[in-house]
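Input: a single structure, listed below in structure tokens.
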Amino acid sequence: MGALRGVFIALSESPRARRFVLRNRISRRASRRFVAGETLADGLAAVRALNQAGLHASLNYLGEKTTSPAEAEQAAARYLEILAAVTGERLDCNLSIKLSQLGAAGDPALAEALLRRILAAARATDTFVRIDMEESALVDPTLTLWRRVWQDGFRNVGLVIQAYLRRSRADLEALVGEGVRIRLVKGAYLEPPQVAFPRKADVDAAYGHLMEILLRRGTYPAIATHDERMVARARAFATAEGIPLDRFEFQMIYGVRRDLQLALAQQGYNVRVYVPFGEQWYPYFMRRLGERPANVFFLLRGVLAEWR
Ligand code: FDA
């Protein structure tokens, strides 16, 4: 499970690979499968199309591991612009934010101030904000920051739990009674075996278990996966437990399993699509490639066709 992912996560941090991919016409084009585009207009167009198809959305302005305060401020300002646009058009759309984009790794106080600014603006327009979960080193800072804003009364903010982390069962048990909305994912980063289950079968087993806890006791949980067997298991569990369809949602990534997104929505499930946009698409794109060998072949096919 880790080999392909490891290669692409290493590439996601390589400045040389970044320069090559960003300049290369084929990889730029291929990235569009997963990224709505580089501008806010591109992101909004994608959300509009999803809404018209009966799907909810969550916009993410791409960026992570911000090192300068000016960049973090700029990202926060961008989120305020997104909010204004989304509410101006009455789009059915949340925000998804990475705390490292707000400078959390270097300056937690700045990240907190910026998060509060975004949450306050979002609350005024009744918009929900999800804090994405990043590398395991950021889990405690993220939970701490979340608790601080939660204790100050912000209820329009949710968290992500990554099933691959060994700690997640305990984290979930501590959070599930609090009323916070949780998105459950398998986990997208490269973690050492002491921290995360190295075997996919163990990650899947953990996911299934945490999913059932959330469906039974969580607050409007988001089952975020493209794993058809897991989706089927969630549906069967909800039916068996008498959990109404409006008590949870499925979430998937823009460009992945559009067939399944639409089929679920047509069957009456809430389905939300995570829509990233922005110029900083490189690390996000690398993570998506590392999740599935077929994505790499798809990119290589394009390169070969052009080369020929
Ligand atoms: P799994 O990897 O088992 O894949 C199941 C099937 O889904 C594959 O066989 C394939 O058909 C399809 N599939 C999966 N990934 C694909 C891809 N990239 N391209 C094409 N097909 C693919 N992670 C994280 O660490 N922090 C976060 O905050 C988030 N946020 C997030 C939001 C949303 C809405 C989703 C759906 C996912 C995330 N993730 C995430 C990513 C998550 O951790 C995980 O890496 C991916 O969702 C892939 O895992 P699956 O659950 O889809 O299953």
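Remember, it's 1-based here, ligands and their atoms both numbered in the order they're listed. Given the structure is predicted, the values throughout are model-derived calculations rather than measurements.
Contacts of K65 classified as salt bridge (Lys or Arg N to Asp or Glu O under 4.0 Å), with partners at least two apart in sequence or in another chain: E13, E135. Residues satisfying the salt bridge (Lys or Arg N to Asp or Glu O under 4.0 Å) test with D126, not counting sequence neighbours, are none.
For R169 and D171, the salt-bridge test fails: no basic side-chain N is under 4.0 Å from an acidic carboxylate O.
In this structure, Y284 and Y274 have parallel ring planes: the angle between them is below the 30° cut-off, well short of the 60° mark.
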Please tabulate, for side-chain N and O atoms in residues 14-21, each donor-acceptor pair with protein atoms closer than 3.5 Å (sequence neighbours left out).
from: S14; atom 1: OG; to: R16; atom 2: N; distance (Å): 3.4
from: S14; atom 1: OG; to: A17; atom 2: N; distance (Å): 3.0

If you look at each N/O of ligand 1, which protein N/O atoms lie under 3.5 Å away, and at what distance?
from: ligand 1; atom 1: 3 (O); to: K186; atom 2: NZ; distance (Å): 2.7
from: ligand 1; atom 1: 3 (O); to: K200; atom 2: NZ; distance (Å): 2.5
from: ligand 1; atom 1: 7 (O); to: H226; atom 2: O; distance (Å): 3.4
from: ligand 1; atom 1: 18 (N); to: R288; atom 2: O; distance (Å): 3.2
from: ligand 1; atom 1: 18 (N); to: E291; atom 2: OE1; distance (Å): 2.8
from: ligand 1; atom 1: 18 (N); to: N295; atom 2: ND2; distance (Å): 3.4
from: ligand 1; atom 1: 19 (N); to: N295; atom 2: ND2; distance (Å): 2.8
from: ligand 1; atom 1: 25 (O); to: Q162; atom 2: NE2; distance (Å): 2.9
from: ligand 1; atom 1: 25 (O); to: A188; atom 2: N; distance (Å): 3.0
from: ligand 1; atom 1: 26 (N); to: M133; atom 2: O; distance (Å): 2.8
from: ligand 1; atom 1: 28 (O); to: M133; atom 2: N; distance (Å): 3.0
from: ligand 1; atom 1: 30 (N); to: R183; atom 2: NH1; distance (Å): 3.1
from: ligand 1; atom 1: 43 (O); to: G187; atom 2: N; distance (Å): 2.7
from: ligand 1; atom 1: 45 (O); to: E291; atom 2: OE2; distance (Å): 2.7
from: ligand 1; atom 1: 51 (O); to: T225; atom 2: OG1; distance (Å): 2.7
from: ligand 1; atom 1: 52 (O); to: H226; atom 2: N; distance (Å): 3.0
from: ligand 1; atom 1: 52 (O); to: H226; atom 2: ND1; distance (Å): 2.7
from: ligand 1; atom 1: 53 (O); to: K186; atom 2: NZ; distance (Å): 3.2

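Outside the 6.0 Å centre-distance limit, the rings of Y164 and F197 are not counted as a close aromatic pair.
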